[in-house]
Amino acid sequence: MGLITLDVNISWPQKDAKLFISDGPPEDFSRIGWGDTSHQYVLYTNGYKTAADELVQHALASKNVERLDTLIFPILFLYRQFIELELKWIFLIYSDADRSVKKSVIGDVSHNLIKLWQKAKSILLEDAMPEERQNLDTVEDYIEQFHKLDQSSFSFRYPITKNLDQILNDEQRINLPNLRQRMDELYNFFNDVDGKLSSIKDYKQDMEQYFFEASDSFSWSDM
């Protein structure tokens with residue numbers, strides 16, 4: 001008897017089969033690698049958030065304890081990844097630091113949500129109104145809660161550490177509708193601040209261009 005006996009009634013890996021093919025009807029394939037960096041970044045971020053939302057919906061609709069207890073890991077990982085990318089976006093797009101500094105900072109903070117939030121928060125505070133500062137405190141609390149649950153982006157990707165120790169040792173109950181609601185609130189917050197920061201950035205660039213052109217056309221003979 002061989003080591004592996006293939007059951008003819010189920011599908012098994014096929015010799016010379018390709019994992020990634022591009023032919024077929026349009027509704028059968030997805031596209032990757034199109035658009036500029038900013039566009040792709042948005043696709044990644046929205047993809048993680050949307051996938052988590054749909055997994056939550058599927059898990060709840062199943063009313064199956066086993067399904068609920070297995071899908072929670074990709075759900076939490078996807079939501080965490082969504083938050084991490086949003087925070088990095090704020091820093092990478094709206095920080096005045098040059099490219100080399102941004103590379104250094106991103107390398108230093110790695111997957112640490114608290115460190116990433118502090119970098120983003122410093123940018124958000126520059127033009128924040130008093131009532132907006134209260135919103136930042138609320139968002140900070142959300143991020144701290146997620147960071148406490150998973151400090152290194154490992155807890156929901158692997159069941160064990162690099163030292164082969166079990167990561168999750170205490171049973172916890174997580175209400176999925178509540179989690180999705182909180183993530184929707186963060187999504188709305190990030191969308192709002194991105195729009196405002198983009199407008200401020202455009203305004204500053206327009207002013208810089210205006211004064212550059214004005215100074216370039218200035219002549220002492222006009223005095």
Side-chain angles (χ1 to χ4, degrees), residues 32-53 74-158 179-209 211-212:
I32 61 173
W34 64 280
D36 61 17
T37 304
S38 294
H39 182 75
Q40 289 193 30
Y41 199 107
V42 172
L43 292 177
Y44 274 72
T45 305
N46 289 347
Y48 288 122
K49 170 65 166 55
T50 301
D53 289 344
I75 287 169
L76 289 171
F77 171 75
L78 291 167
Y79 276 141
R80 192 190 191 285
Q81 188 71 357
F82 147 70
I83 294 172
E84 181 177 328
L85 287 178
E86 289 283 15
L87 295 176
K88 287 181 175 177
W89 171 267
I90 293 172
F91 174 71
L92 291 172
I93 299 300
Y94 300 111
S95 170
D96 292 329
D98 61 30
R99 183 182 179 88
S100 63
V101 172
K102 289 179 180 179
K103 288 174 59 178
S104 177
V105 169
I106 292 299
D108 177 58
V109 299
S110 187
H111 302 293
N112 189 301
L113 294 182
I114 296 299
K115 290 183 178 179
L116 283 169
W117 168 247
Q118 293 303 326
K119 294 298 180 183
K121 183 180 179 181
S122 64
I123 296 171
L124 298 175
L125 284 172
E126 291 179 4
D127 298 288
M129 302 294 289
E131 62 273 16
E132 293 175 327
R133 292 173 182 266
Q134 294 180 355
N135 291 335
L136 295 182
D137 291 339
T138 301
V139 171
E140 182 170 308
D141 180 54
Y142 281 19
I143 292 172
E144 286 178 345
Q145 290 181 53
F146 218 127
H147 177 77
K148 183 178 180 180
L149 187 65
D150 182 10
Q151 297 185 15
S152 59
S153 187
F154 264 73
S155 299
F156 309 116
R157 288 193 289 166
Y158 309 102
L179 176 64
R180 177 171 178 174
Q181 175 63 31
R182 303 287 85 80
M183 293 301 103
D184 283 345
E185 292 163 0
L186 281 181
Y187 177 81
N188 294 335
F189 168 80
F190 287 129
N191 270 359
D192 183 68
V193 298
D194 182 50
K196 290 180 179 178
L197 289 173
S198 180
S199 295
I200 293 171
K201 183 178 180 180
D202 290 343
Y203 174 77
K204 290 180 178 179
Q205 290 177 340
D206 288 344
M207 289 298 97
E208 289 174 359
Q209 182 66 24
F211 286 114
F212 173 79

List in chain and number order the residues that pass side-chain contact (heavy atoms from CB on, under 4.5 Å) with [X], two or more places apart in sequence or in another chain; answer none if no residue qualifies.
| X | answer |
| --- | --- |
| D98 | S100, V101 |
| N188 | none |
| N46 | V42, Y187 |
| N112 | I114, K115, H147 |

Hey, is the main chain of I123 close enough, under 3.5 Å, to the side chain of Y94 for a donor-acceptor pair?
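Not at all, since once roles are kept as given, no pair shorter than 3.5 Å links the two residues.
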Residues in side chain to side chain donor-acceptor pair (under 3.5 Å) contact with Q134, at least two apart in sequence or another chain
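Per chain and number, Q134 pairs via side chain to side chain donor-acceptor pair (under 3.5 Å) with no residue.
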Applying ring pair (Phe, Tyr, Trp, His ring centres under 6.0 Å), can you list everything that pairs with F91, at least two apart in sequence or on another chain?
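Not a single residue meets the ring pair (Phe, Tyr, Trp, His ring centres under 6.0 Å) criterion with F91.
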Partners passing ring pair (Phe, Tyr, Trp, His ring centres under 6.0 Å) against F154 (at least two apart in sequence or in another chain)
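Expected list: Y158.
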Inspect the contact between R133 and D137 and indicate whether a charged nitrogen and a carboxylate oxygen are less than 4.0 angstrom apart.
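A salt bridge is absent here (no side-chain N lies under 4.0 Å from a carboxylate O).
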For residues 80-87, which side-chain donor-acceptor pairs fall under 3.5 Å, sequence neighbours excluded?
| from | atom 1 | to | atom 2 | distance (Å) |
| --- | --- | --- | --- | --- |
| R80 | NE | D150 | O | 3.1 |
| R80 | NE | D150 | OD2 | 3.4 |
| R80 | NH1 | E84 | OE1 | 3.2 |
| R80 | NH1 | H111 | O | 3.3 |
| R80 | NH2 | H111 | O | 2.8 |
| R80 | NH2 | D150 | O | 3.1 |
| E84 | OE1 | H111 | ND1 | 3.3 |
| E84 | OE2 | K88 | NZ | 2.8 |
| E84 | OE2 | H111 | ND1 | 2.8 |

What residues form a salt bridge (charged side-chain N to carboxylate O under 4.0 Å, His left out) with [X], not counting sequence neighbours?
| X | answer |
| --- | --- |
| E144 | none |
| K102 | none |
| R182 | E185 |
| D194 | none |

Return the OG to CD distance between S95 and E126, rounded to the nearest 0.5 Å.
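Interatomic distance, S95 OG to E126 CD, rounded to 0.5 Å: 8.5 Å.
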Looking only at non-hydrogen atoms, find the nearest pair between G35 and H39 and report the distance.
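Taking every non-hydrogen atom into account, CA-CD2, 4.2 Å.
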